[in-house]
Amino acid sequence: MREYRILPEAEMQRQNGFRDKVKELSESRKETLGRPLMAYVQTFGCQQNEADSEKIAGMCRAMGYEICYEPALADLIMVNTCAVREHAEKKALSIIGQYKHLKNAKPDMLIGVCGCMVTQEHRKENIKHSYPYVDFVLGTSSLHRLPELIYTKIKKGKRLYCPEEKEYLVAEGLPIYRESSYRAWVSIMYGCNNFCTYCIVPYVRGRERSRRPEDIIAEVKELVDAGYKDITLLGQNVNSYGKDVRSEDGEMYDFADLLADIDKIEGDYKIHFMTSHPKDASHKLIDVMAESKHIARQFHLPMQSGSDRVLKAMNRHYDTEKYLGTVEYFRKKIPDVTISSDIIVGFPGETEEDFEATLYMLEKVRFDMTYSFIYSPRKDTPAAAMECQIPDDIKGERFNRLLALQNDIALEKNKPMEGEILRVLCDGPSKNNDNVYSGRTEGNKIVLFDGNESDIGSFVELKIVRAETFALYGEKI
Ligand code: 5AD
Ligand code: SF4
């Protein structure tokens with residue numbers, strides 16, 4: 001018997017009670033106003049936040065709101081914030097600042113702030129004192145309590161600051177309003193136990209807790225049956241899936257087991273997952289991927305730095321030799337695997353030599369893509385208190401050198417794809433040009449092509465005719 005840490009059913013029922021009461025209130029306001037109530041959900045940050053926002057939107061709809069995409073039209077605004085870098089926090093605070101005018105013009109409007117930024121006490125205080133028109137604040141441990149907060153706010157009128165739960169648990173069964181009808185997120189676990197010294201996540205998302213495999217498999221099956229083509233399994237560190245679960249007989253069910261079981265679901269779809277931690281990426285996982293039918297031949301494996309000294313200071317628990325070993329095993333088992341990475345430049349104490357070691361690793365691994373970040377000190381994390389913080393100009397200069405090298409590598413990796421025939425999932429007209437359609441390969445590379453509306457949400461076979469650094473260009477065959 002394995003014991004998963006799931007929020008008790010009674011609490012979910014209690015929230016459903018609040019949900020129904022809010023729905024009744026929404027119905028009567030709808031009659032008075034002669035129009036439906038509208039909710040606007042704004043998301044900052046990572047895919048986990050996007051997935052949470054789809055649950056927020058799902059809960060709003062269950063409470064009688066329709067979803068709108070213009071804050072000025074909204075009766076309820078939910079800002080789902082991020083805390084991973086200072087820039088994300090500044091952006092969220094600036095947007096919340098702008099909503100003051102909307103609230104002045106429409107005093108009945110409710111504004112709620114949730115997510116990682118306001119799970120930090122100092123930010124909760126910040127909102128309390130500097131943003132008096134924000135009606136309620138709830139952190140990541142209490143997202144499921146949204147109906148209770150909205151009901152209490154409407155009935156009592158007081159501003160509310162939901163305290164964090166003592167134990168972070170998995171809330172099953174929240175309604176999800178998905179943005180796309182063919183790409184979907186499925187969270188498989190929440191939280192992080194790793195405490196990388198630069199990272200705020202373990203402080204704002206609690207300890208690791210896995211969902212039950214049967215709940216995940218049922219969700220994926222439902223999506224595949226509904227025609228979803230691309231499903232991304234989410235967790236801060238998916239490779240530790242199942243490790244938090246207490247088991248009487250010591251029986252384990254890990255991420256590789258989960259992938260193998262999901263792969264058995266019949267249908268025309270691909271599974272992606274993120275994020276993996278190099279310390280836990282096992283051969284068993286790679287073997288399952290190599291033998292699978294539906295697991296995309298793509299791997300996001302954040303390296304963060306190419307210097308063993310810096311990796312140690314980051315508390316990453318692997319060195320470059322182990323990292324290279326994992327990449328090598330991957331390429332041996334799945335020769336056409338696409339590998340991407342996250343890199344941080346300017347970690348405290350990073351010397352020119354350390355930085356050059358990162359450049360060296362980029363040359364050695366030859367990632368298809370990297371997501372690069374300038375180190376941003378996060379309050380109360382160990383790295384923020386380290387000596388030798390790197391000046392902004394040096395961080396900026398290193399960041400540009402890293403990008404220049406990676407752009408060269410990406411182009412060199414893309415060029416040989418000219419002439420290949422690839423299956424691409426079409427997303428519709430590209431952002432910059434309505435006449436050009438855009439899609440993504442199994443390896444997450446963007447392909448631009450001459451498509452039409454009926455391609456959206458379908459796999460299209462394309463011959464690659466030109467390859468550039470950030471995109472491939474294809475023709476239908
Ligand atoms: N500064 C800069 N980048 C960070 N990341 C996490 N914390 C920080 C920070 N304090 C990056 C890591 C992680 C990605 C999601 O964000 O590279 O993998
Ligand atoms: Fe942050 Fe490290 Fe956890 Fe990733 S593994 S969320 S970088 S602490």
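Just so we're clear, the structure is a prediction, and the values are computed from it rather than from any experiment. Order of appearance sets the numbers: ligands from 1, and atoms from 1 within every ligand.
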### Query
Does Arg423 make a cation-pi contact with Phe459, if we ask for NZ or CZ under 6.0 Å from the ring centre and within 45° of the axis?
yes
### Task
Taking only heavy atoms of Tyr198 into account, list the atoms of ligand 2 that are under 4.0 Å away from them.
7 (S)
### Query
What part of Tyr198, side chain, backbone, both or neither, has a heavy atom within less than 4.0 angstrom of ligand 1?
both
### Query
Of the protein's non-hydrogen atoms, which lies at the shortest distance from atom 17 (O) of ligand 1, and what is that distance?
Gln304 OE1, 2.7 Å
### Message
Below 4.0 Å from ligand 2: does a non-hydrogen atom of Arg205 turn up there or not?
### Response
no
### Query
Taking only residues two or more places apart in sequence, or in another chain, which ones meet Lys124 in a side chain to side chain donor-acceptor pair (under 3.5 Å)?
Glu164
### Task
Report the residues that fulfil side chain to side chain donor-acceptor pair (under 3.5 Å) with Arg123, sequence neighbours left out, ordered by chain and then residue number.
Glu89, Asn126
### Query
To the nearest 0.1 Å, how far is atom 14 (C) of ligand 1 from its closest protein heavy atom, and which atom is that?
Asp342 OD2, 3.4 Å
### Ile374, portion touching ligand 1 at heavy-atom distance under 4.0 Å
backbone
### Message
Once you restrict to heavy atoms under 4.0 Å, what part of Ile344 touches ligand 1? Side chain, backbone, both or neither.
### Response
side chain
#### Entry: Minimum-distance protein heavy atom relative to atom 4 (C) of ligand 1
Arg85 NH1, 3.4 Å
#### Entry: Partner set under salt bridge (charged side-chain N to carboxylate O under 4.0 Å, His left out) for Arg440, not counting sequence neighbours
none
### Message
Considering non-hydrogen atoms of the protein only, which is the closest contact for atom 1 (N) of ligand 1, and what is the distance?
### Response
Ser376 N, 3.0 Å
### Task
Taking 2.8 Å as the upper limit, name the protein N, O or S atoms near atom 3 (Fe) of ligand 2.
Cys192 SG
